[in-house]
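Have a look at the structure below, then the notes.
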Amino acid sequence: MSGDSLETAWAGVRAIAAAPDAAAIRPLFVQDPQRFDRFHARGAGLLLDISKTSISDSAREALLGLARAADVAGQRDAMASGALVNVTERRAALHMALRGTLPGAAQECAEVAETLEQMRIFTDAVHRGEIRGATNQRFDTVLNIGIGGSDLGPVMVGRALWRAGDPMRPIHLGNVDGHGWETVLPQLDARRTLVLVASKTFTTQETMANAHLVKRWMEASVGKLGAAAHFVALSTNLKATAEFGIAPDRVFPFNDWVGGRFSLWSAIGLSLALSLGWERFRALLDGAAAMDRHFLEAPLEQNLPVLLALTEAWHVNGLGFNRRAVLPYDERLRRLPAHLQQLEMESLGKRVHLDGSAVVGATGPVVFGEPGTSAQHSFMQLVHQGPKPVPVDFILVANPDHTHAENHRILLAHGLAQAEALLMGRDAAGVTADMRAAGADEATIARLLPHRIFPGDRPSVTILLPRLDPGSLGALIALYEHKVFVLGALWRINPFDQWGVELGKVLATPLVAELAAGAPSDAHDASTRGLLAEVLKLQAG
Ligand code: F6P
């Protein structure tokens with residue numbers, strides 16, 4: 001890849017996006033009745049429709065040219081062979097090795113297979129009651145303590161797939177807020193609870209504070225000696241897990257080439273294996289592996305992660321749309337937006353290129369979302385009628401796992417209708433006709449007309465799943481992971497580091513001490529000093 005050819009490719013995309021009608025979508029459907037056929041692709045059992053965007057044939061060509069100029073295929077293959085693509089931390093990014101075979105990373109795949117086998121044996125032994133708690137009772141609950149990538153992925157997948165009757169009940173403790181612990185505490189019986197301390201570094205302050213809190217609770221319930229039988233660590237830091245008191249055979253390791261937000265496939269997924277059962281955890285990995293194969297093998301123009309990334313580049317850099325909403329029309333995916341917030345914003349919220357030079361223009365957009373239809377009754381007003389378009393990802397699931405067919409028809413109809421409403425809008429003539437038909441007088445129509453017009457031409461993509469199961473969910477998550485990677489390549493930024501979260505952690509340390517001592521230090525800015533003094537005053541009553 002030459003920097004010049006990439007810049008030329010970007011200039012080509014921007015030139016097309018600068019045309020006066022570049023954001024118009026409706027005319028593209030008028031010109032081409034086959035637009036859906038030509039602007040959707042399939043992979044790993046998923047369908048991706050990008051037809052409801054303003055990407056024209058020429059824009060698509062320019063965007064694919066961009067992908068070629070950025071050498072997305074070459075960078076992808078480098079990642080798959082274990083190159084140190086995380087250049088600032090000098091690490092590989094081999095999350096694909098966690099779920100399938102990568103010929104270029106045989107050693108890493110062998111290590112993964114070993115840990116997976118350790119996880120499988122442990123999971124089966126817990127389920128068979130061969131591994132029990134200190135009071136000889138079977139474990140029926142798994143409590144995962146972790147934050148960020150050590151929490152969001154397992155929580156999201158657990159909420160999506162766990163059903164009553166599954167082998168163990170998953171409970172998650174993420175936030176250091178003691179109210180979180182107070183909320184989960186009544187759901188726990190210490191004698192039957194297996195605690196997983198999930199932390200790649202085993203130094204994250206919030207996780208360690210919660211782990212010590214839970215350890216004290218467990219010791220009070222089953223005794224100091226007995227508590228050890230209830231703890232497991234998922235970590236890369238074997239020294240720290242030993243210091244915490246977790247026996248080496250209760251530590252499930254992974255490597256530093258697994259990024260936190262890409263880690264649910266690793267030992268960090270143990271709570272999923274325990275709660276869902278080994279077969280379904282394996283099926284999740286297999287679904288992701290199917291998407292990996294698609295990403296590695298499909299031509300760029302049919303490659304789902306590439307198309308999704310190019311669509312985002314078109315919106316962010318071509319049209320200046322720097323927010324995106326994710327609307328899964330499946331209540332079970334209610335934590336998917338939270339997972340994607342970390343995956344995308346921690347990966348792509350960067351202001352410098354790989355070489356340290358400043359980014360001119362935008363990188364990762366703000367991502368937010370809620371399940372449909374609930375989202376329709378909250379922020380969709382802004383998406384339909386706010387001044388600036390917000391591209392939407394609609395995630396639809398064709399077949400539910402319940403028998404309430406009418407509910408599901410309503411759910412799907414609303415998802416399709418939202419996307420159609422964003423695309424088609426309602427112009428003055430349409431609104432006028434609607435209002436006349438409803439019996440409104442001309443004065444009322446004139447007064448309300450501007451408020452009731454929908455501009456339309458608002459972009460969305462739709463991802464369609466046949467049904468939500470471990471395989472399709474694995475593929476869906478991997479689709480977004482690879483999209484993030486492709487965007488990193490297009491923007492020449494490192495999607496695998498997260499220096500931006502460090503400063504706040506450092507500054508919190510002295511503040512904890514000052515709160516404990518009741519004495520604010522002069523070292524802070526005036527606002528922080530003032531707020532700290534107010535907190536201390538309020539605490540003193
Ligand atoms: O806060 C940032 C972060 O480093 C995330 O990237 C990571 O997922 C999370 O903290 C938790 O880190 P750990 O697994 O090391 O506790």
Side-chain angles (χ1 to χ4, degrees), residues 85-95 98 115 119 142-158 172-177 180-181 195-215 231-244 246 251-272 335-350 364 367 477 480-481 484-485 488 493-509 511-512:
V85 290
N86 178 353
V87 292
T88 54
E89 298 179 309
R90 295 192 177 285
R91 287 177 184 163
L94 278 169
H95 39 285
L98 298 168
T115 303
M119 288 166 68
V142 52
L143 172 65
N144 189 80
I145 305 176
I147 199 161
S150 300
D151 174 64
L152 289 164
V155 171
M156 181 265 292
V157 174
H172 300 93
L173 183 60
N175 201 335
V176 73
D177 184 346
W181 172 237
V195 182
L196 312 185
V197 185
S199 176
K200 179 175 170 179
T201 56
F202 230 73
T203 58
T204 302
Q205 190 178 33
E206 299 97 309
T207 298
M208 297 324 296
N210 277 336
H212 284 289
L213 179 69
V214 173
K215 193 177 178 191
F231 277 84
V232 163
L234 321 173
S235 185
T236 57
N237 186 347
L238 306 187
K239 185 166 173 282
T241 56
E243 279 162 15
F244 185 84
I246 296 178
V251 179
F252 295 82
F254 54 104
N255 271 303
D256 67 1
W257 44 256
V258 182
R261 50 200 177 271
F262 301 87
S263 66
L264 73 91
W265 324 98
S266 71
I268 291 293
L270 186 62
S271 64
L272 296 170
R335 293 300 285 166
L336 180 68
H339 178 69
L340 295 183
Q341 279 170 6
Q342 189 203 16
L343 175 63
E344 301 196 29
M345 293 201 276
E346 197 164 87
S347 300
L348 300 172
K350 306 287 164 66
V367 181
I477 303 166
Y480 278 104
E481 289 182 353
V484 161
F485 174 76
I493 59 176
N494 181 2
F496 297 116
D497 64 12
Q498 58 284 317
W499 301 99
V501 300
E502 294 305 322
L503 181 57
K505 292 183 190 171
V506 171
L507 297 187
T509 304
L511 283 163
V512 172

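In this chain, residues are counted from 1 in sequence order. Given the structure is predicted, the values throughout are model-derived calculations rather than measurements. Counting convention: from 1, in listed order, for ligands and their atoms alike. These values consider heavy atoms only, across backbone and side chains, with no hydrogens, waters or symmetry-generated copies.
Atoms of ligand 1 lying under 4.0 Å from at least one heavy atom of Ser150, given by number and element, are 13 (P), 14 (O). Atoms of ligand 1 lying under 4.0 Å from at least one heavy atom of Gly260, given by number and element, are 8 (O). Every atom of ligand 1 is numbered from 1 in the order shown, and the set under 4.0 Å from a heavy atom of Gly149 is 7 (C), 8 (O). Near Thr204, meaning under 4.0 Å from one of its heavy atoms, ligand 1 places the atoms 12 (O), 13 (P), 15 (O), 16 (O).
At a 4.0 Å heavy-atom cut-off, ligand 1 touches Thr201 through backbone and side chain alike.
Atom 9 (C) of ligand 1 has Ile147 O, 3.6 Å as its closest protein atom, hydrogens excluded (heavy atom only).
Looking only at distances, no side-chain donor or acceptor of Asp497 sits under 3.5 Å from a matching main-chain atom of Thr88. Lys200 places no side-chain N or O within 3.5 Å of a backbone atom of Ile268 that could act as its donor or acceptor partner. A donor-acceptor pair is defined here as one N or O able to donate and one able to accept, closer than 3.5 Å; no such pair exists between the side chain of Gln205 and the backbone of Lys505.
Judged by distance alone, the side chains of Thr201 and Thr204 do bring a donor and an acceptor atom under 3.5 Å apart.
Ranked by closest heavy atom to atom 5 (C) of ligand 1, the top entry among Lys505, Arg261, Glu206, Glu346 is Glu346.
At least one side-chain heavy atom of Arg261 sits less than 4.5 Å from a side-chain heavy atom of Ser347.
The two residues Gly488 and Leu348 come nearest to each other via the heavy atoms N-CD2, 4.0 Å.
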